[in-house]
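Residue numbers begin at 1 in each chain, while the letters A, B, ... track the order of the sequences. Computed from heavy atoms alone, side chains included, the values below leave out hydrogens, waters and symmetry copies.
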Number of protein chains: 2
Amino acid sequence: MKSSIRPEPSRKRQGASSASGRARARVTLETLARRLDLAPATVSRALNGQGARYRIAPGTVRRVLELARKLGYRPNPLARALRTHTSHSIGLVVPDIGNPFFAEIASSVADAARKNGYVLLLGDSQDSTDLERDTLGTMAERNVDGLVVCPVGLESKHICTLARSGRPLVLADRGVAPNQLPCVTADHAQGGRLAAQLLARLGHRRVGIIQGLPGTLPNEERRQAFESAWKQLVGQPVAVAGHAFSYESGVEAAEDLLRRFPDLTAWFVLCNVSARGAVEVLRRHGRNIPRDVSLIVFDDQPFSELLEPSWTVIQQPVRDIGRRAAERLFDLLRNRAKPTPTWERLSVRLVLRESVAPPGQSRIIEPTSLGTVRGSKAHASRGTV
Amino acid sequence: MKSSIRPEPSRKRQGASSASGRARARVTLETLARRLDLAPATVSRALNGQGARYRIAPGTVRRVLELARKLGYRPNPLARALRTHTSHSIGLVVPDIGNPFFAEIASSVADAARKNGYVLLLGDSQDSTDLERDTLGTMAERNVDGLVVCPVGLESKHICTLARSGRPLVLADRGVAPNQLPCVTADHAQGGRLAAQLLARLGHRRVGIIQGLPGTLPNEERRQAFESAWKQLVGQPVAVAGHAFSYESGVEAAEDLLRRFPDLTAWFVLCNVSARGAVEVLRRHGRNIPRDVSLIVFDDQPFSELLEPSWTVIQQPVRDIGRRAAERLFDLLRNRAKPTPTWERLSVRLVLRESVAPPGQSRIIEPTSLGTVRGSKAHASRGTV
DNA sequence: AGGCTCTGCTCAAACGTTTGAGCATACGAA
DNA sequence: TTCGTATGCTCAAACGTTTGAGCAGAGCCT
């Protein structure tokens, strides 16, 4: 028998128990150790399944586990994080959580985090590189084990630095330097090509693009793919307007296009929020969609099919993007994968609805077959208040 | 002069520096203390503005601050949290972050957190009380300093327990036991009354409600207020269908109402997601809105005014709800306020658009004035990808 | 000269873990 | 009997802070 004389580790403070009268003291390793007349080290190893490795008697392990369960012991994640430098938390940084696209990303990442026993720190960069940098710094400082970042996308240095510091980091949606970091996005270029092909087949010749934030990967890939396909298919230039992934930019760009290129028969809008602005402008000017202007929008949203006319869209696999990014992050965290800078491009679909038609016509005549989905019930999903 | 012999605190591990060759060692209180030949305690107090209180020489304080700035010292939040039991983090738990309503709440709470120097832990309860309980437990365990909770709302025990444990907690949107806890919601009842008044004035007599999750505060207040106003104004019963804040529930409820009460001339839909389902069903059945069925929806969303017909809605001050909840939380955290169970009900607005009309008619004739806003441009906001 | 007060710090414990190293005891072998 | 080895733990440091208590020296008063 070993001596059971253990020094009281100084005076145990009783928490607020003297005041409230019933705030039970936190149960820590100490608590368990004392009750079992063991050292905290032993208890720790027993709980962490290190019993075999450190020759803790099986009976002892059992007693520890039992008491832990009985007292409802939960290890203190902060102490653990301090000691081990791993916090069981991941960070997610998005440009705007209020945006349904990123909200959906957040939803799938949150889901993955929970299923893996991690907590999720959320940061909103508000499309500002400075805020993004700050937020990433804060999160690194808090020892997040890894990060999913939907970067603003205009600058990449701070992100590369962070990743090089050894912290697993996966980019989603917008990549910066996607050749250096793991990255999951929609196949923006494919979307651009599909849009161009559709409009070309319908007989359009003079078309315009309402773009988002120039310089960001989604914007450039969508635009360039469209332009290059259009050049090849139709051989005409493409008008471009717009400066941000925002409603206001959509409004201004639409006014701009109407003024400078009133003869365009179709618009390719690279962002669903901008598209709302564009539609508003068209209505205000009494232009009919699709008779006067055909509209095709990048990114589907639940309401797209409810509108009159319903929007023809390039549908991104939003949930999959978030899910894959999270999966890859957790693969990295479990050392199941090396941080290869593989760039996964997930296929998009063209969903054909009412907002496109041949120039001057009010509806599509020929059922097209460009790898296209006919106005489908894409969005069910859960509800709101 | 004091002795400058300080024991090397055992061997300093170099981190990964030997491997990567340039991972600079973390700068801690120790680092500063050594360089300045001071005790960590002194450095700590100097940095925390305790200089006066603990009689640190002003010159010393200055030297400490300077070096800290020069070396870019950032206190380790985990160590601090472990020691002080306060983490400079808050938690936000919502039923569904993918839902634009809660995404907007998250946006405003995230904003407040950042401005106050806090990080935000996000939890998604997926409208499950069990998940909510787990998530809250996890967050408490991580020592979040406070919580904003948009509860599922069917059970309140775990939330009350958590709050009673002394952790500041503010409810938002849906209250559970709102008489015991600080709470910020829209004035659901006012919304219900406004809806009833509008439909009554337009001459409707047989109307129905498509509800959300029964038993939750928003659902009950909206429904009851509508019913009681309706009883007073029209003296007719109100049909009720629906079982969740979801698209599917909206579809089923709409089918249900059409089958059981085909003669209703107006529906009050308590959730915008359900409303999408309801509209789908009406279209499928060839019912015209508003001629066959007038529609009024609780909660405005950016797309509501773009639809054809545009939706008449009860608009909630979503951002304000989130902002106020966060403000109240931070007031609690700063001890600027006692945790009074005050329930703030923020005013809603009736936004009149095309989806309502007198029974059998296609549009409103009489410009009504029920504290009503004429189909306004409510949503600008920032954009998406 | 001795005591008192003030100044400017230092000490060491504490928060709750993890983890490498080491210490008793028991048992089998020589 | 003595050594070697296996068994089953314990010790103590470490993670990076914060904080109550206390100590040494200087200056002043009596």
Shortest side-chain distance from [X], nucleotide among [options]:
X      : options                   : answer
N48(B) : dT18(D), dT17(D), dT17(C) : dT18(D)
T42(B) : dT10(D), dG16(D), dT10(C) : dT10(C)
L38(A) : dC9(D), dT17(C), dA12(D)  : dC9(D)

Find the distance [X]:[atom1] to [N]:[atom2] and express it as a whole number of Å.
X       : N       : atom1 : atom2 : value
E141(A) : dG16(D) : CD    : C1'   : 13 Å
N143(B) : dC15(C) : CG    : C1'   : 10 Å
L78(B)  : dT18(D) : CG    : P     : 13 Å
R63(A)  : dC9(D)  : CZ    : C1'   : 12 Å
H88(B)  : dT18(D) : NE2   : P     : 11 Å
Q50(A)  : dT10(D) : CD    : C1'   : 16 Å
R74(A)  : dG16(C) : CZ    : P     : 16 Å
L82(A)  : dT18(D) : CG    : P     : 12 Å

Is it true that [X] and [Y] make a salt bridge, defined as a side-chain N closer than 4.0 Å to a carboxylate O?
X       : Y       : result
E327(A) : R324(A) : yes
D145(A) : R334(A) : no
R34(B)  : E30(B)  : yes

For dT19(C), take OP1 and OP2 only and decide whether either is under 4.0 Å from a side-chain N or O of R83(A).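 Answer is no, no contact under 4.0 Å.
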
Between [Y] and [X], is there a side-chain heavy-atom distance shorter than 4.5 Å?
X       : Y       : answer
Y118(A) : R114(A) : no
E155(A) : V176(A) : no
E141(A) : P77(B)  : yes

Name the pairs: protein N/O against N/O of nucleotides 6-8 of chain D, kept only if under 3.5 Å.
{"unit_1": "dG8(D)", "atom_1": "N7", "unit_2": "R55(A)", "atom_2": "NE", "d": "3.0"}
{"unit_1": "dG8(D)", "atom_1": "N7", "unit_2": "R55(A)", "atom_2": "NH2", "d": "3.2"}
{"unit_1": "dG8(D)", "atom_1": "O6", "unit_2": "R55(A)", "atom_2": "NH2", "d": "2.7"}

Give every residue pair that meets the ring pair (Phe, Tyr, Trp, His ring centres under 6.0 Å) criterion with at least one member in residues 122-145 of chain B, sequence neighbours excluded.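 Ring pair (Phe, Tyr, Trp, His ring centres under 6.0 Å) check on residues 122-145 of chain B returns no pairs.
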
Which comes earlier along DNA chain D counting from the 5' end, the contact point of A41(B) or that of V43(A), where each point is its nearest nucleotide?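 Result of the comparison: V43(A).
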
When we call it a touch if two heavy atoms are under 4.0 Å apart, what does T84(A) touch: a base, just sugar-phosphate, or nothing?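 Sugar-phosphate only.
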
Would you say the base of dT10(D) and the side-chain of R45(A) have a donor-acceptor pair closer than 3.5 Å?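 It does, because a donor-acceptor pair links the side chain of R45(A) to the base of dT10(D) below 3.5 Å.
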
Counting distance alone, no hydrogens or angles: does the base of dG8(C) have a donor or acceptor under 3.5 Å from a partner atom on the side chain of R53(B)?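 Flag unset: no donor-acceptor pair detected.
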
